[in-house]
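Read the numbers this way: they start at 1 and go in the same order the structure lists the ligands and their atoms. Side-chain atoms are counted along with the backbone in the values below, which use heavy atoms only and exclude waters and symmetry mates.
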Amino acid sequence: MAVEQTFSGDHGQQNNPLHAAQQLMYDACTRLGLAPGVYEILKEPARVFTVSIPVKLDSGEVQTFIGYRSQHTDITGPCKGGIRFHPEVTVDEVKALSIWMTIKCNVVGLPYGGGKGAVICNPKKLSKGELERLSRGYMRAIAPYIGPDKDIPGPDMYTNPQVMGWMLDEYSRIAGCNAPGVITGKPIVAGGSLGRTEATARGISFVVREAAKELGIDLTEATAVVQGYGNAGSIAARLLHEMGVKIIGVSDSTGAIYNREGLDPLAVAEHKAANGTVTGFPGATCIDPDDLLTAECDVLIPAAFENVITRANATRIRARLIAEAANGPTTPEADEILYRRGILVVPDILANAGGVTVSYFEWVQNLQNFYWSEEEVNRRLEMIMVDAFAKTYAMSAEHKVSMRTAAYMVALDRIGRAMAARGWV
Ligand code: GLU
């Protein structure tokens with residue numbers, strides 16, 4: 001493919017997630033022998049826009065925030081993907097995240113393409129009223145370009161059911177009707193799905209279970225370290241603990257704690273809720289968060305930010321299995337090192353796909369006005385995650401590639417066939 005030159009000169013821009021996503025798509029398309037048009041269409045999002053959001057602060061002053069939405073492709077259905085509130089978010093990151101959503105939705109076989117949105121802000125520094133006005137302002141700005149059949153946002157880093165509830169309300173006012181299918185991750189009473197809060201972590205627990213079977217790890221004898229103790233990390237720790245895994249270390253943005261004898265994840269979550277930090281948890285030792293990542297364990301769950309497993313620490317990681325709850329925690333160089341070292345990495349686009357899968361169930365329930373039990377949600381989630389893991393594992397064994405490359409291949413094979421069926425390539 002002539003597009004190879006796209007990547008010449010990338011070397012100076014390590015850890016640019018957009019370049020990493022493009023490179024992975026390119027490699028997978030090449031390995032699959034797909035028509036060059038497939039990569040050519042997918043390498044850039046179909047539509048990316050910037051919005052400015054003036055918000056009246058509690059002080060009476062007006063401050064303008066900048067937001068983005070990237071709609072990568074709708075080849076396999078409306079765009080789908082979360083909205084991130086973060087002070088350092090960049091447009092390249094949003095574009096990459098939207099590509100990852102396309103791949104993620106297609107690995108698990110959802111009828112969606114990928115999207116992602118973000119607002120540059122520090123939600124921890126905004127009052128509740130300011131956050132509501134910002135959330136509504138962002139929705140007003142993107143409303144003309146989204147909708148239940150076009151692009152369906154959901155939660156992501158530092159956005160939660162309350163933010164989704166405000167956005168649903170703003171969109172519904174504009175549309176002149178209650179339109180719950182426009183956004184997912186809503187509070188249950190506003191059309192949310194049972195099981196959505198736990199979905200990302202539950203998906204992680206299923207892929208850890210499946211991967212452990214392949215590696216011959218007995219989970220009742222296994223240890224795990226969880227980096228990041230937000231929604232995904234804390235619930236994953238609890239679900240793994242319920243499966244018999246000993247959680248020996250966890251961290252959050254304030255520090256890391258360790259106890260070789262095991263921590264009670266629920267008690268740690270209660271301690272964090274009461275004190276705003278996991279540190280100081282009775283019976284645990286405070287350790288350097290960097291040392292936590294390289295602690296000896298069977299399962300490592302990075303559940304915090306991007307680019308935490310890098311060339312610098314990948315050689316020292318002592319886990320046998322890594323399940324990426326965060327998006328993009330491993331840099332491409334680190335990925336290669338881990339693959340060579342025989343550490344199985346279940347990549348984000350598969351491992352954390354439980355979140356968007358239950359978002360899909362939420363949307364289906366909204367469109368049908370027919371709501372499922374939590375058991376039904378979890379049963380369907382398990383079927384999808386187990387099947388996607390098996391397909392990806394088989395692809396990785398057949399082509400002797402990492403699980404990340406294999407997941408891209410599973411997704412791009414489906415996308416390539418959809419493009420051919422519709423006459424795009
Ligand atoms: N933010 C989640 C992800 O990265 C889920 C997005 C959604 O539910 O739309 O997969």
Side-chain angles (χ1 to χ4, degrees), residues 17 21 68-72 74 76-86 89 93-119 139 142 146-148 150-161 163-165 167-168 171 180-187 191-204 207 228 230-233 235-236 302-306 323-329 346-366 377 381 384-385 388 407 411:
Y68 305 108
R69 184 78 188 164
S70 171
Q71 298 171 336
H72 178 230
D74 61 359
T76 41
C79 300
K80 180 83 191 88
I83 297 165
R84 168 173 296 204
F85 283 179
H86 197 273
V89 70
E93 189 182 335
V94 177
K95 285 162 87 174
L97 285 158
S98 72
I99 294 177
W100 289 340
M101 287 310 298
T102 297
I103 302 296
K104 194 182 294 189
C105 290
N106 278 282
V107 172
V108 289
L110 305 181
Y112 287 142
K116 202 76 169 199
V119 177
M139 178 49 90
I142 66 167
I146 68 161
K150 266 197 254 180
D151 180 7
I152 306 127
D156 196 73
M157 204 181 276
Y158 297 140
T159 55
N160 57 24
V163 170
M164 301 300 113
M167 290 191 182
L168 158 72
Y171 183 88
V182 73
I183 197 161
T184 61
K186 301 177 292 291
S193 176
L194 294 169
R196 176 63 185 85
T197 307
E198 299 79 14
T200 307
R202 198 171 292 282
I204 298 279
V207 297
N231 174 273
I235 302 177
F305 293 103
E306 280 130 47
E324 296 180 340
N327 286 317
V346 186
D348 46 10
I349 44 173
L350 168 61
N352 72 26
V356 72
T357 300
V358 176
S359 274
Y360 164 61
F361 297 161
E362 179 175 332
W363 178 76
V364 167
Q365 293 171 78
N366 295 149
V377 168
L381 173 63
I384 287 181
M385 295 303 297

| Among T184, L168, I146, which one satisfies side-chain contact (heavy atoms from CB on, under 4.5 Å) with P153? | I146
| query | Is any side-chain heavy atom of E324 less than 4.5 Å from a side-chain heavy atom of N352? | reply | no
| note | salt bridge (Lys or Arg N to Asp or Glu O under 4.0 Å) pairs touching residues 104-115, sequence neighbours excluded, are none
| field | Qualifying residues under side-chain contact (heavy atoms from CB on, under 4.5 Å), relative to A236, sequence neighbours excluded | value | A201, I204
| S193 side chain vs E362 backbone, donor-acceptor pair below 3.5 Å | no
| said: Can you list every protein residue that has a heavy atom under 4.0 Å from any atom of ligand 1, sorted by chain and residue number? | reply: K80, G81, G82, M101, K104, K116, G154, P155, D156, T184, R196, N327, V356, S359
| task | Could you list the residues that satisfy ring-ring contact (aromatic ring centres under 6.0 Å, His included) with Y112, not counting sequence neighbours? | result | Y360, W363
